[in-house]
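One structure below.
Along the sequence shown, residues carry numbers from 1. Everything numeric here is computed off the predicted structure, so don't read it as measured data.
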Amino acid sequence: MKRPTYTLPSIVKKVFRSGERSLPRTEVRSRMEANDLNAFLNLDSETLLDKVLSMEQSPVRVGSSDAIVELTYQPHQLFDLAHRFLRETLTPKKMDQIVAELRRQTQFGWNQIQRLLQLEKDPRFVQYQGDPRWFLAEWKVGNDQVYAFCRDNGITQVTSRSLVHFLEQEVGMAADTAFLPLLDDRFRIDGERLYIIVRSDDEPKEEESAELEVAVAAAPDTIAITDEEQEEASPSDDTVQLLDQHQEPMIIKEEQIMNTVSNQQVLQEVSQLLLQALSRLEARQQEMSQEVVAHFQQSNMQAIEVLMNEKHKHEQIALGIKQVLAASEQQ
């Protein structure tokens, strides 16, 4: 059985609650088992903890006695900036994406950020086995929710245009919920479709049908899968960029619904996306104003010049969006 499973360091970090710096070993093991964090691993909680303690970049270490486990994380502004970056974008990121963003926001060099930003030690960040990206520990995984909804409703297939609507309006999935089909053997990717494999032992009572495959068109321009996952799932080139669950969520819906989607609905969806983009640009403009003041106080004229160039680009893009919206309203 394969399900989205935290990496070993992430499992240990998940047992620590906000504000906790140390815990008895017995409490760490108890919380792992109570929350089924090691449910899909062939490791008992004691062995798992020992493995994490022995890692070079371990998030925990032995405390004042062998019976105590404490976090190794030390606060730094780079961790806070990385945390804000993921919270604002609501999207998991690879390390190089995070470093590039922090390089833009700060005066730290690329190598310096990589050396200081050890996200393995920060309990606010977690990873899943087989996925190189970093997630926030507060985010949830919606695979069970999607699977149960499709199984119970006998949903067949849908193209990517209706996925966002289906996610929000029918499945009721929150914005901070991730959908990770590549890490779940209940889902299979074939070309541009994602199949949901409903097994007889998972079906509701009084239903003994054979496997039911539900196909879904993959959302374009989404996350990249790892080489290992690519070999296992054998997706086409079009699915290498497959699922950014917060920007283009992939959910299931009956094909009949797609046939009823009118051009007007498409225009409304595009207008909503443009308005969201405009809002993001305006928020970034406000952030840049504060950054300019900070750089001015440090006499960093080069950084100010970079910000002014960015501001000019944002203004041009915002103007173009407003023109498109105005043209759309006239039609």
Option passing salt bridge (Lys or Arg N to Asp or Glu O under 4.0 Å) with E70 (candidates K121, R21, R61): R61
Qualifying ring-ring contact (aromatic ring centres under 6.0 Å, His included) pairs, either residue in residues 46-74, two or more places apart: Y73-F79
K94 with D96: basic N within carboxylate O range, under 4.0 Å: no
Distance, nearest 0.5 Å, that separates NE2 of H76 from CG of D122: 12.0 Å
T7: partners by side-chain hydrogen bond (donor to acceptor under 3.5 Å, both in side chains), with sequence neighbours left out: S10
From CA spacing to verdict: side-chain contact (heavy atoms from CB on, under 4.5 Å), L119, Q57: CA-CA 9 Å; L119 296 183; Q57 296 295 337; over 6 Å; no
Pairwise side-chain contact, V52 with V60, heavy-atom cut-off 4.5 Å (strictly under): yes
Straight-line distance of L90 CG to T177 OG1, nearest 0.5 Å: 10.0 Å
Heavy-atom closest pair, residues F135 and A178: CE2-CB, 4.2 Å
Partners meeting salt bridge (Lys or Arg N to Asp or Glu O under 4.0 Å) with D80 (sequence neighbours left out): R124
Heavy-atom check, side chain of M173 versus side chain of F149, under 4.5 Å: no
Residues which pass salt bridge (Lys or Arg N to Asp or Glu O under 4.0 Å) with R87, listed by chain and number, not counting sequence neighbours: E138
Closest non-hydrogen atom pair, P123 against A137: O-CB, 3.6 Å
L281 side chain reached by I321 side chain, heavy atoms, under 4.5 Å: yes
Nearest-0.5 Å distance that lies between atom CZ in F85 and atom CD in E101: 4.5 Å
Residues that I68 engages under side-chain contact (heavy atoms from CB on, under 4.5 Å), provided they are two or more places apart: S22, S64, S65
Value rounded to 0.5 Å, distance of CE in M95 from CD in Q97: 11.0 Å
Closest contact, heavy atoms only, N143 versus P181: ND2-N, 4.0 Å
Sequence-distant partners of K313, side-chain contact (heavy atoms from CB on, under 4.5 Å), two or more places apart: none
Partner residues of E120 under the salt bridge (Lys or Arg N to Asp or Glu O under 4.0 Å) criterion, sequence neighbours left out: none
Gap separating the CG atom of L86 from the CD1 atom of I98, nearest 0.5 angstrom: 5.0 Å
Gap separating the CD atom of Q74 from the CD atom of Q118, nearest 0.5 angstrom: 13.0 Å
Nearest non-hydrogen partners of Q127 and R133, listed with the distance: CG-O, 3.2 Å
Heavy-atom side-chain contact between L136 and H83 under 4.5 Å: yes
Salt bridge D144-R151, side-chain N to carboxylate O under 4.0 Å: no
Polar side-chain atom of S30 near backbone of T26 as donor-acceptor pair, under 3.5 Å: no
Minimal non-hydrogen separation, P59 against K13, with atom names: CB-CG, 3.6 Å
Selection residues 30-60 - residue pairs positive for ring-ring contact (aromatic ring centres under 6.0 Å, His included), sequence neighbours left out: none
Under 3.5 Å: donor-acceptor pair, side chain of T106, backbone of R103: no
For the student: nearest non-hydrogen atoms of V69 and F16, plus distance: O-CZ, 4.0 Å
With sequence neighbours excluded, residues passing salt bridge (Lys or Arg N to Asp or Glu O under 4.0 Å) with D185: R3
Residues in side-chain contact (heavy atoms from CB on, under 4.5 Å) contact with R17, at least two apart in sequence or another chain: E20, R31
Residues in side-chain contact (heavy atoms from CB on, under 4.5 Å) contact with L275, at least two apart in sequence or another chain: L325
Any side-chain heavy-atom pair of L8 and L41 under 4.5 Å: yes
Passing candidate, ring-ring contact (aromatic ring centres under 6.0 Å, His included) with Y128, options W134, W139, Y6: Y6
Which donor-acceptor pairs under 3.5 Å do the side chains of residues 43-50 make with protein atoms, sequence neighbours left out?
from : atom 1 : to  : atom 2 : distance (Å)
D44  : OD1    : E46 : N      : 3.1
D44  : OD1    : T47 : N      : 2.8
D44  : OD1    : T47 : OG1    : 3.1
D44  : OD2    : T47 : OG1    : 3.0
S45  : OG     : E33 : OE2    : 2.6
E46  : OE1    : R29 : NE     : 3.3
E46  : OE1    : R29 : NH1    : 2.8
E46  : OE2    : R25 : NH2    : 2.6
D50  : OD1    : R25 : NH2    : 2.8

